[in-house]
Amino acid sequence: MIQDYLKSEILKALEKAGTPADPALVGFERPKQAAHGDWSTNIAMALAKQRKGNPRQLAEAIVAGMELDPDLVEKTEIAGPGFINFHLSQNWLYKELENLLASGSTYGNSQIGNGKKAQVEFVSSNPTGPLTVGHGRQAAIGDALARLLSSCGYAVTREYYFNDAGLQMKKLAMSVFLRYRELLGNKVDFPEDHYQGEYIRDIAAQCRSRKGDGLTEADSEFFKQAAIAVIFEEIKRTLARMGIAFDVFYNESSLYADGAIERTKQALAAQGLTYQQDGALWFKATQFGAEKDRVLVRSSGEPTYRLPDIAYHATKFDRGFDLVLDVFGSDHQATYPDVLAALGALGYDASRVEVKIHQFVTLLRGGEQVKMSTRKANYVTLDELIDEVGADAARYFFLMRRMESHLDFDLDLATKQSDENPVYYVQYAHARIRSILAHAAEKGVARARGELALLKEPEEVALIKALLEFPELVQGAAAAREPHRIPTYLQELAGIFHAFYHKHRVVTEDAKLSNARLDLCDAARTVVANGLNLLGVSAPEKM
RNA sequence: GCGCCCAUAGCCCAAUUGGAUAGAGCAACGGACUACGAAUCCGUAGGCUAGAGGUUCGAGUCCUCUUGGGCGCACCA
């Protein structure tokens, strides 16, 4: 990359001046203003601060010492308090554009992940009911992170963890049982904290048609398994509609079956991190800064979620993942500090686990908030949302915002087929380019690699520059775990393309120029398609 | 009471992780289709970055406090 070249020249110049510097200090950024060039470095200011020198003088020494290839760098200048700005030559642009065209659907991919094993755990909703809109955001974020990491050369596993042991499952089985009793004409007292949804009645009816009227409370395992099977099928179907498939579904009960729970308990005890009190087994969370200690095993003998979670995360290390991303909703924010602390205490490198917490989704219809309550089961399910706005719009909207910001999901906007809708805006650019390429073929334009140097108009140069930002954008989004950068970029890119399109005609009598512009269109189409692909959003040929 | 996240244009949000004159979209106003898709484009207007201090060459971004909002603080997950 060009930055590496500039960096090496800067380091050489510093050495020549008798003041060698740490290469890690030399960073580049793209100036906001075109007048400040294509790349800028603040190295002179950073070094001057360290050495109490004059930044402008240092910058002058650096510029004087560099031997830049004029074919790549048109000019270098010092500005402001000591920025060094580089203006790249147009030749460099054309070379990079060639490279883009040659790379095609792999443009933007990199190997910075170096084949490291990464796991992204997300959704992980217990099979007690349909996925909600909140899960939808998490599904979109998790899958986009997985796609970003893959494109950067990580070997990625998408994993879904679910609790099929424990209290919630008992409640689920009991909920089905009670509805079953109701179906048989019994009057039942349905507890407030059990699962209220209508789907429980459906499952109860299925149980009845399969096994008749003679089931009792003792058949709770049957009710449980029946419920899990039905609900999971539904969850997977919903995820499939979103275009999401998991590599691994990891269930809690396997941790009991293979002894991992017991081993973890003993390992924690061996570290002196647990103690008995009031009939329960406690974890000394206060040793890790928590306000109070936490229960690992209830006095009833049943573990809380904490112990299986620790055991589960231990398997992530045992399975050899170099990087683990856990994507959670903000309501789970309290669940991970103990888990990470325990992992550290067990000798694992807890810094490999990154917990990404996303904020909630608010649905808006007609400017009004749509009330959602899981308890009352009157929430909008993810399926209903996809029915209404489609998978593309759903995914795009979920990914548009930084995950730490609350998401206002405007249902009216997502369904609008107009310029107000950002999904259509970006997809339209793709469809439009397809149509231009088809038009050129109809006109009988003989396609050949054009002379890219003919692309000299300001709108053309601006478009090329925007396209060439894509690879570093992808790497930055992956490194920062911030998928929202992709939609932000795509919207800007689509705007630059549309502006170019309006100003300049692509297919003209001038065959050479037409070919160069068709190449540019093709490059733009490639980047839009690659970007949408990272989001899991389709790049339509027609709309 | 304690912890995590958030506050930027009328609305919804960006801002290259501490950079130079804070930017898009929507809404408002004014323009552009007898040629490649008007689901588009061009222009105008809109800001004391919630408030107060601090750190430094430089702060929307980092630190402290205040105000306002979301989410947590179980022998639920």
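Letters A, B, ... are given to chains in the order of the sequence lines, protein chains preceding strands, and every chain is numbered from 1. These figures come from a predicted structure and were not determined experimentally.
One C1' atom belongs to B:U49, the other to B:A7, and the distance between them is 9 Å to the nearest Å. A distance of about 15 Å separates the P atoms of B:A50 and B:C13, rounded to the whole Å. Nucleotides B:G10 and B:G51 have their P atoms positioned 13 Å apart, rounded to a whole Å. Comparing the P positions of B:A74 and B:A22 gives an interatomic distance of 46 Å, to the nearest angstrom. B:U66 and B:A24: their C1' atoms are spaced 32 Å apart (whole Å). Atom C1' of B:A38 sits at a distance of 7 Å from the matching atom of B:C33, rounded to the whole Å. Between the P atoms of B:G25 and B:U40, the separation comes to 11 Å (whole Å).
The interatomic distance linking A:E472 (CD) with B:U16 (P) rounds to 13 Å, in whole Å. B:C36 atom P lies 13 Å from atom CZ of A:F497, rounded to whole Å. Between the CG atom of A:L513 and the P atom of B:C36 there is a distance of 18 Å, given to the nearest Å. Taking atom CG of residue A:D392 and atom P of nucleotide B:A39, one finds them 19 Å apart after rounding to whole Å. A:M169 places its CE atom 10 Å from the P atom of B:A77, with the value rounded to the nearest Å. Rounded to whole Å, the distance from NZ on A:K503 to C1' on B:A35 is 18 Å. Atom P of nucleotide B:A14 and atom NE2 of A:H406 are separated by 12 Å, given to the nearest angstrom. Atoms OH (A:Y501) and P (B:A39) sit 10 Å apart, rounded to a whole Å.
Residue A:T335 is classed as a base contact, given a heavy-atom separation below 4.0 Å to a base. When heavy atoms are screened at a 4.0 angstrom cut-off, A:F83 is found touching base atoms of the nucleic acid. Among the protein residues, A:E459 comes within range of no part of the nucleic acid, since none of its heavy atoms lies under 4.0 Å from any strand. If you check every strand for non-hydrogen atoms under 4.0 Å, A:A480 touches a base. In this structure, A:N42 reaches the bases: a heavy-atom distance under 4.0 Å links it to at least one base atom across the strands shown. Across all strands shown, A:A431 has heavy atoms under 4.0 Å from base atoms, whether or not it also approaches the sugar-phosphate. When heavy atoms are screened at a 4.0 angstrom cut-off, A:E404 is found touching the sugar-phosphate backbone but no base atom. Heavy atoms of A:E469 sit nowhere under 4.0 angstrom from any nucleic acid atom. A:H36 comes within 4.0 angstrom of a base, heavy atoms only. Contact annotation for A:A280: base contact, defined as any heavy-atom pair under 4.0 Å involving a base atom. At the heavy-atom level, A:K542 lies under 4.0 Å from base atoms of the strands shown. At the heavy-atom level, A:A79 lies under 4.0 Å from base atoms of the strands shown. Nucleic acid contact for A:T508: none, since no nucleic acid atom lies under 4.0 Å from a heavy atom of the residue. Among the heavy atoms of the strands lying under 4.0 Å from A:H504 is at least one base atom, whether or not backbone atoms are also near.
Under 3.5 Å, the side chains of A:D510 and A:T508 contain no donor-acceptor pair of N or O atoms. Under 3.5 Å, the side chains of A:E77 and A:N85 contain no donor-acceptor pair of N or O atoms.
Summary of the strand contacts: A:N85 and A:F500 both lie near RNA chain B, and taking for each the nucleotide with the nearest heavy atom, the more 5' one is attributed to A:N85. Mapping A:D309 and A:S405 onto RNA chain B by nearest heavy atom places A:S405 closer to the 5' end of the strand.
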Taking N or O atoms only and anything under 3.5 Å, show me the protein contacts with nucleotides 47-51 of chain B, one pair per line.
none

Below 3.5 Å between N/O atoms, which protein atoms pair up with nucleotides 59-63 of chain B? Just atom names and distances, please.
none

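The nucleotide whose nearest atom lies closest to any side-chain atom of A:R401 is, among B:C2, B:C12, B:G3, B:C12. With distances taken from any side-chain atom of A:Q359 to the nucleotides B:G19, B:C73, B:C5, the minimum falls on B:C5. Distances were taken from every side-chain heavy atom of A:R505 (C-beta onward) to each of B:U17, B:C2, B:A35; the shortest belongs to B:A35. Of the candidates B:C71, B:G19, B:G37, B:C71 carries the atom nearest the A:F360 side chain, counting heavy atoms from C-beta on. Of all nucleotides listed (B:G72, B:G19, B:C36), B:G72 comes nearest to the side chain of A:Q333. Among B:A20, B:C75, B:C57, the nucleotide with an atom closest to any side-chain atom of A:M45 is B:C57. Of the candidate nucleotides B:C12, B:U17, B:C41, B:C12 has the atom nearest to the side chain of A:D408.
Side-chain atoms of A:S435 stay outside donor-acceptor range of the base of B:C36, with no qualifying N/O pair under 3.5 Å. For B:G72, its base never sits under 3.5 Å from the side chain of A:D331 at any donor and acceptor pair. Not a single donor-acceptor pair, N or O on each side, falls under 3.5 Å between the base of B:A24 and the side chain of A:T488.
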Review point. Which string of ( ) [ ] | and . matches RNA chain B, if you list each base 5' to 3' and count Watson-Crick or G-U pairs only when both distances are under 3.5 Å?
Key: (((((.(..((.(.....[...).)).(((((.......))))).....(((((..]....)))))).)))))....

Exercise for review: Show your reasoning for whether salt bridge (charged side-chain N to carboxylate O under 4.0 Å, His left out) applies to A:D309 and A:R306.
Suggested key: CA-CA 5 Å; A:D309 265 16; A:R306 213 168 267 111; over 6 Å; no

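Taking the six-membered ring where tryptophan is involved, the planes of A:F249 and A:F162 are perpendicular, since the angle between them exceeds 60° and thus also 30°. A tilted orientation is assigned to the rings of A:F232 and A:Y160, their planes being inclined by 30° to 60°. Aromatic ring pairs are classed by plane angle as parallel below 30°, tilted from 30° to 60° and perpendicular above 60°; the pair A:F500 and A:H504 is tilted.
Within the structure, a side-chain polar atom (N or O) of A:H484 is placed less than 4.0 Å from OP1 or OP2 of B:A15. Listed pair A:Y425 / B:C41 meets the phosphate criterion, a side-chain N or O lying under 4.0 Å from OP1 or OP2. Remark: A:R434 is not in phosphate contact with B:C36, judged by side-chain N or O atoms under 4.0 Å from OP1 or OP2. Taking side-chain N and O atoms only, A:K49 has no distance below 4.0 Å to OP1 or OP2 of B:G18. An OP1 or OP2 oxygen of B:A77 is reached within less than 4.0 angstrom by no side-chain nitrogen or oxygen of A:R306. A:R402 has a side-chain polar atom (N or O) that falls below the 4.0 Å cut-off from OP1 or OP2 of B:A14.
Only one option out of A:K465, A:K503, A:R505 pairs with A:E459 in a salt bridge (Lys or Arg N to Asp or Glu O under 4.0 Å); it is A:K503.
A syn base is found at B:U17: its glycosidic angle is within 90° of 0. Here B:C42 is in the anti range [glycosidic angle more than 90° from 0].
In this structure, the separation between CD on A:Q276 and CG on A:L296 is 10.0 Å, given to the nearest 0.5 Å. Between atom CZ of residue A:R30 and atom CH2 of residue A:W39 there is a gap of 4.0 Å, rounded to the nearest 0.5 Å.
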